[in-house]
Asks: 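One structure coming up, written as structure tokens, with questions to follow.
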Amino acid sequence: MAKSKKRAQENANKVAEKQYDSSDYGATSEIDQGTAVTHEQVTDTYTEGTIDGNIDNVTKNGSLRNKQGKDI
């Protein structure tokens with residue numbers, strides 16, 4: 001049981017020490033892929049700026065037409 005806890009702690013430390021790198025998108029490691037997905041989600045949320053699950057209706061140049069966009 002002690003070995004199992006130690007291994008779990010080592011795995012947790014690997015995840016906790018991991019930082020995003022753009023090469024993570026093409027990585028094969030589960031940790032790297034998870035970091036890339038999390039980075040993408042955070043970037044999307046920050047860029048969109050809303051929690052309602054809608055994408056705003058914008059013009060080609062990016063200015064807001066209205067807030068009645070598509071559900072994601």
Side-chain angles (χ1 to χ4, degrees):
M1 188 69 166
K3 285 186 180 183
S4 177
K5 271 190 164 184
K6 184 175 181 178
R7 176 173 279 178
Q9 184 62 51
E10 289 171 354
N11 289 337
N13 290 344
K14 285 180 189 177
V15 172
E17 294 169 357
K18 179 73 177 114
Q19 293 185 10
Y20 167 74
D21 186 280
S22 60
S23 66
D24 291 343
Y25 285 100
T28 56
S29 161
E30 186 176 2
I31 293 172
D32 292 341
Q33 290 175 350
T35 303
V37 168
T38 302
H39 179 266
E40 186 71 24
Q41 291 171 339
V42 170
T43 301
D44 289 349
T45 301
Y46 179 76
T47 302
E48 184 62 27
T50 175
I51 61 168
D52 61 3
N54 289 327
I55 305 247
D56 292 337
N57 189 358
V58 296
T59 63
K60 287 183 181 180
N61 68 1
S63 61
L64 181 66
R65 279 190 192 142
N66 60 53
K67 292 219 175 243
Q68 297 165 342
K70 297 179 184 178
D71 287 339
I72 51 173

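In what follows, residues are counted from 1 in the order of the sequence shown.
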Asks: Hydrophobic side-chain clustering at under 4.5 Å (ILVMFWY, transitive links): who's grouped with Val15? Put none if nobody.
Replies: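 Ile31, all in the cluster of Val15.
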Asks: Under the 3.5 angstrom rule, does the side chain of Asp24 hit a backbone N or O of Asp21 as a donor-acceptor pair?
Replies: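 Yes.
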Asks: With a cut-off of 6.0 Å (strictly less than), are more than 12 heavy atoms of other residues, nucleotides or ligands near CD of Glu10?
Replies: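 Counting other residues, nucleotides and ligands, CD of Glu10 exceeds 12 neighbours.
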Asks: One pair to check against side chain to side chain contact (heavy atoms under 4.5 Å, CB included): Lys14 and Asn11. What are the steps and the verdict?
Replies: CA-CA 5 Å; Lys14 285 180 189 177; Asn11 289 337; 4.2 Å; yes
Asks: Kindly compute the distance separating CG (Asp32) from OH (Tyr20), expressed to the nearest 0.5 Å.
Replies: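 Rounded to the nearest 0.5 Å, the CG-OH separation comes out at 11.0 Å.
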Asks: Using side-chain contact (heavy atoms from CB on, under 4.5 Å) as the criterion, point out the one residue from His39, Gln41, Gln33 that pairs with Val37.
Replies: Gln41
